[in-house]
Amino acid sequence: MGALALFGIAWAMTPIPDSTQEQATAQGSVIYYRDGKTVLARQGIDRRNVELAKVPEHVRDAVIAAENRSFYQDGGVSLKGTSRALWSTLTGQQLQGGSTITQQLVRNYYSGLSQERSITRKFKEIMISIKVDQSKSKDWVLEQYLNTIYFGRGANGVQAAAQAYFGKDVSKLTVAEGAYLATVIQQPSRFADPQGDDLAAAQGRWQAVVAAMGETGALDAEQVAAQRFPKLKAPKKPFVLKGQAQYMLDQVTAELNRRGYSDEDINGGGLRIVTTFDKKLMDAAERAVKEAVPESTPKKVRTGLAAVDPATGEVVAFYGGDPRRSDYDNAFSAKVPAGSTFKPYTLATALDNGFDLSTRVNGNSPMRVASDPDHPIPNDSGRSYGQINLVTATQNSVNTAFVDLGQKVGLDKVAATVKSAGIPADQLRQHQAAAAFPLGVASVSAVQNASGFSTFANGGTHMEAHVVKSVKDADGVKNVIKPVATKVVSEQAAADTTYAMQQVVKYGTGTAARLYDRPVAGKTGTTDDSVSVWFNGFTPQLAVAVDMFRDDNKTVTIPGYGVQFGGQLPAQIWRAFMTEAMAGKPVVDFPEPSDFGYGYSTPDWERSVPDERPTERPDDWDTSQPELTDPPASDPIITRGPEEDGLPEDDPGLPTQEPEPMPTLGPDDQNSGRSLDD
């Protein structure tokens with residue numbers, strides 16, 4: 001009676017746990033390139049749960065024959081086996097097994113049961129196993145067991161095991177293959193890739209499983225005799241992230257977190273994640289950088305590239321450097337002063353606020369502004385251009401013209417445009433009241449700048465930059481990412497801004513970026529002392545930004561090539577990438593500007609002469625990338641915008657006018673100089 005009473009107390013005090021072990025139910029996630037088929041990375045535990053009905057009967061029979069022949073008849077425990085196990089525990093001997101499938105499931109599935117060999121834990125396991133057998137169906141127990149058990153080769157659950165050992169779905173397994181999976185349950189590490197004596201042991205165990213299937217009636221004698229040891233697929237090497245994959249994974253994880261997916265969801269939720277990254281374009285981006293950057297480039301010089309689809313906001317490709325050297329990538333993480341690539345944002349703001357391309361602004365150098373009269377702003381080489389229209393100002397990247405334009409249209413409006421085009425407000429706040437704001441004193445990443453310019457290619461509407469296309473959960477529910485669309489400027493303002501930037505590539509500072517089979521719009525950018533140099537451009541189908549900078553904020557200088565400007569290596573890298581990216585794509589024209597064909601052609605004498613520095617590239621290339629030990633320091637304030645252009649000081653193609661008296665712009669000048677004809 002006393003024993004029964006104790007059993008009753010233990011029974012009452014041992015409920016079925018209401019939670020499962022995280023490792024027992026976690027399903028790893030798979031991350032794909034944009035095609036939804038090519039695997040980019042795998043995260044978390046290799047498990048994919050499968051319904052019992054999808055597991056062939058002969059696979060189930062093999063597991064039952066190998067692990068627990070009385071499974072469908074017993075009460076969840078084996079009295080003989082449990083007694084043997086308890087005796088081994090009491091005497092300190094090695095535990096000799098004896099657990100039923102239900103007991104194995106309870107031990108590996110429910111929370112609160114440790115793996116230690118103790119009388120207390122064993123009794124607890126027995127109690128819970130009996131209760132599970134009474135409250136759950138045998139098929140439920142078997143399904144959870146098959147999805148929980150470890151099969152070796154990193155495979156958790158029978159579906160992952162079928163792929164790991166035979167490269168096929170569990171539903172396609174043969175009798176012999178199912179028997180082998182049942183074989184490895186006993187010693188998964190030893191039988192994962194058996195060689196020599198281990199292979200002989202695996203074959204012997206497999207033959208015993210097949211024979212057991214005959215004894216249980218799952219196979220007849222003829223079927224038993226017909227089985228042959230299956231051919232095992234070579235084990236896959238551990239999944240290793242290569243090239244830009246670590247940077248891609250970092251950005252995908254960060255975006256999923258922002259969209260409400262926790263790290264636990266990503267590592268254990270069985271997600272199927274399709275990214276925006278195009279594998280071919282990712283490879284093209286890496287080639288463009290490595291084949292264009294000279295071997296003599298110092299290790300501290302870094303290069304970033306980002307490509308954005310204007311219609312969707314998808315980041316289709318980027319180059320972030322060498323992950324083996326730094327976990328700080330050049331495309332998303334590194335933010336450096338934008339230089340004159342910021343000028344089109346000011347231009348677009350003006351065109352959206354009553355100005356037009358024929359508006360004249362003051363291009364004389366230097367220029368003082370009322371807000372900071374002690375720091376006059378010069379043009380490159382001190383050139384004065386007089387009163388010039390906005391096309392000429394853009395083509396020649398005239399600093400003072402854009403300072404004048406920014407004062408006239410209002411820097412608050414310029415900042416609003418930049419924010420709407422995807423540049424975060426906190427990167428602008430400390431700069432947006434400065435007269436030099438239109439000259440690119442704020443720092444941006446290559447992705448942000450490419451995304452910003454995609455606004456012009458997309459008719460003035462900015463599509464939120466993103467790297468995740470869709471997420472499908474373990475239940476098959478698909479969440480397609482819908483990027484935020486923001487109207488930044490009117491379609492006509494975008495078209496006119498694009499027209500002005502086309503002249504930059506045709507005749508101005510960005511001629512090295514020309515694509516001779518299609519129109520291109522773009523803008524060079526070079527900050528004070530060439531601390532960062534840019535080329536940012538687009539076709540109607542793709543916006544791409546390329547920047548170069550040093551991780552110590554010093555001048556970007558390459559032995560044999562000298563100090564760099566945006567119209568040099570950045571433009572050459574841009575062209576190399578876009579030549580490959582646009583190959584075979586239809587030629588699409590940009591929309592016509594206002595008053596098409598009238599008033600905006602640039603006379604030959606106004607066309608600046610592109611920098612004539614060497615463009616030939618050496619035979620050998622430096623495939624290594626400079627190490628970044630710390631993020632770039634705070635932005636240097638631009639005092640000139642060396643435009644960019646790298647114009648030789650003795651350039652005969654542009655007349656130098658006698659400077660007018662140095663202008664001082666104040667509040668009363670805000671509406672002056674607007675809409676003047678050539």
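Keep in mind the model is a prediction, meaning the values are calculated, not measured.
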* Would you tell me whether Ser397 and Lys523 have side-chain atoms, one donor and one acceptor, within less than 3.5 Å of each other? => yes
* Structure fact -> Distance col, row Asp517:CG vs Lys585:NZ, nearest 0.5 angstrom, shows 11.5 Å
* Check: Met248 main-chain N/O paired with Gln251 side-chain donor or acceptor under 3.5 Å -> no
* Side-chain contact, heavy-atom cut-off 4.5 Å: Asp322 with Tyr247? -> no
* Asked: Is any NZ, NE, NH1 or NH2 atom of the basic residue among Asp552 and Arg550 found under 4.0 Å from an Asp or Glu carboxylate oxygen of the other?
  -> yes
* Asked: Would you call Lys487 and His462 a side-chain contact if the rule is heavy atoms closer than 4.5 Å?
  -> no
* Structure fact -> Here the gap from Gln568 atom CD to Thr509 atom OG1, rounded to the nearest 0.5 Å, amounts to 11.0 Å
* Heavy-atom pair with the smallest gap, counting every atom of Val315 and Ala465 -> CG2-CB, 4.4 Å
* Spacing of Thr275 atom OG1 and Met282 atom CE [to the nearest 0.5 Å] -> 9.0 Å
* Is there a side-chain contact between Phe549 and Asn330 (heavy atoms, below 4.5 Å)? -> yes
* To do: Would you please indicate if the ring centroids of Phe453 and Tyr345 are separated by under 6.0 Å?
  => yes
* Specify the closest pair of heavy atoms between Ser340 and Pro344, including all atoms of both residues, with the distance to one decimal. => O-CD, 3.6 Å
* Taking C-beta and beyond as the side chain, do Val369 and Val403 meet within less than 4.5 Å on heavy atoms? -> yes
* **Stepwise side-chain contact (heavy atoms from CB on, under 4.5 Å) test for Ile558 and Gln564** => CA-CA 7 Å; Ile558 298 175; Gln564 284 298 297; 4.1 Å; yes
* Any donor and acceptor pair, going by atom type alone, linking the side chain of Thr555 with main-chain N or O of Asp529 inside 3.5 Å? -> yes
* Using the side chain to side chain donor-acceptor pair (under 3.5 Å) rule, pick out the option among Thr524, Thr497, Asn399 that qualifies with Lys343. => Asn399
* **Check: Leu428 and Phe342 side chains under 4.5 Å, non-hydrogen atoms** => yes
* Quick check: does any side chain N or O of Trp574 sit under 3.5 Å from a backbone N or O of Val544, one acting as donor and the other as acceptor? -> yes
* To do: Only counting residues at least two apart or in another chain, list the ones meeting salt bridge (charged side-chain N to carboxylate O under 4.0 Å, His left out) with Arg514.
  => none
* Asked: Hey, which of Asp352, Leu351, Asn353 is the one that makes side-chain contact (heavy atoms from CB on, under 4.5 Å) with Thr349?
  -> Asn353
* **Backbone of Gln387 reached by a side-chain donor or acceptor of Asn362 within 3.5 Å** => no
* Ignoring hydrogens and angles, tell me if any N or O in the side chain of Thr498 forms a donor-acceptor pair with the backbone of Ala494 under 3.5 Å. => yes
* **Heavy atoms of other groups near Lys554 NZ, more than 12 under 6.0 Å** => no
* **Those residues that, when tested against Thr539, pass side-chain contact (heavy atoms from CB on, under 4.5 Å) (two or more places apart)** => Leu515, Arg518, Val520, Gln541, Leu542, Met578, Met582
* Asked: If every non-hydrogen atom of Pro570 is compared with every non-hydrogen atom of Phe565, which pair is closest and at what distance?
  -> CD-O, 3.5 Å
* Do Val556 and Val563 come within less than 4.5 Å of each other through their side chains, counting heavy atoms only? -> no
* **Phe535 side chain near Gln572 side chain, heavy-atom distance below 4.5 Å** => no
* To do: Decide if the gap between the ring center of Phe538 and the ring center of Phe590 is smaller than 6.0 angstrom.
  => yes
* Asked: Which salt bridge (Lys or Arg N to Asp or Glu O under 4.0 Å) pairs, counting each pair once, include a residue from residues 453-468, with sequence neighbours left out?
  -> Arg259-Glu464
* Asked: If only atom types and distance count, is the side chain of Gln503 paired as donor or acceptor with the main-chain N or O of Tyr499 below 3.5 Å?
  -> yes
* **Heavy-atom donor-acceptor pair, Thr253 side chain to Leu249 backbone, under 3.5 Å** => yes
* **Side-chain H-bond candidate by donor/acceptor type, Asn449 with Thr341, under 3.5 Å** => yes
* Evaluation steps, salt bridge (charged side-chain N to carboxylate O under 4.0 Å, His left out), between Glu314 and Arg34 -> CA-CA 10 Å; Glu314 295 174 356; Arg34 66 183 293 110; 2.9 Å; yes
* Have Asn458 and Thr461 got a donor and an acceptor in their side chains that come within less than 3.5 Å? -> no
* To do: With ring pair (Phe, Tyr, Trp, His ring centres under 6.0 Å) as the test, would you mind laying out the steps for Phe318 and Phe332 before giving the verdict?
  => CA-CA 9 Å; Phe318 70 92; Phe332 290 87; 5.0 Å; yes
* Heavy-atom pair with the smallest gap, counting every atom of Pro483 and Met463 -> CG-CE, 4.0 Å
* What is the distance from atom OG of Ser454 to atom CG of Asp309, rounded to the nearest 0.5 Å? -> 8.5 Å
* Kindly indicate, with the supporting measurements, whether the criterion side-chain contact (heavy atoms from CB on, under 4.5 Å) is fulfilled by Asn389 and Leu357. => CA-CA 6 Å; Asn389 66 35; Leu357 290 175; over 6 Å; no
* Carefully, step by step, assess Arg287 and Asp283 under the rule salt bridge (charged side-chain N to carboxylate O under 4.0 Å, His left out). => CA-CA 6 Å; Arg287 276 193 298 274; Asp283 293 341; 5.1 Å; no
* Asked: How long is the gap from CG on Asn364 to OG1 on Thr400, to the nearest 0.5 Å?
  -> 6.5 Å
* Look up atom CE in Met501 and atom CG in Asn536, then write down how far apart they are to the nearest 0.5 Å. => 8.0 Å
* Is the side chain of Gln244 donor-acceptor paired with the backbone N or O of Tyr319 at a distance under 3.5 Å, no angle test? -> no
* Close side-chain approach of Val336 to Asp547, heavy-atom, < 4.5 Å -> yes
* **N/O donor-acceptor pair under 3.5 Å between Ser420 side chain and Ala416 backbone** => yes
* **Under 3.5 Å: donor-acceptor pair, side chain of Thr527, backbone of Ser532** => yes
* Take Gln395 and Lys506, measure what side-chain contact (heavy atoms from CB on, under 4.5 Å) needs, and give me the verdict at the end. => CA-CA 9 Å; Gln395 176 182 312; Lys506 287 180 179 179; over 6 Å; no
* **Minimum heavy-atom distance between Asn379 and Ser365, given as atom pair plus value** => N-OG, 2.9 Å
* Given side-chain contact (heavy atoms from CB on, under 4.5 Å), test Leu411 with Gln432 step by step and report yes or no. => CA-CA 7 Å; Leu411 295 179; Gln432 64 189 52; 5.9 Å; no
* Of all the heavy-atom pairs spanning Leu569 and Ala292, show the shortest one and how long it is. => CD2-O, 3.4 Å
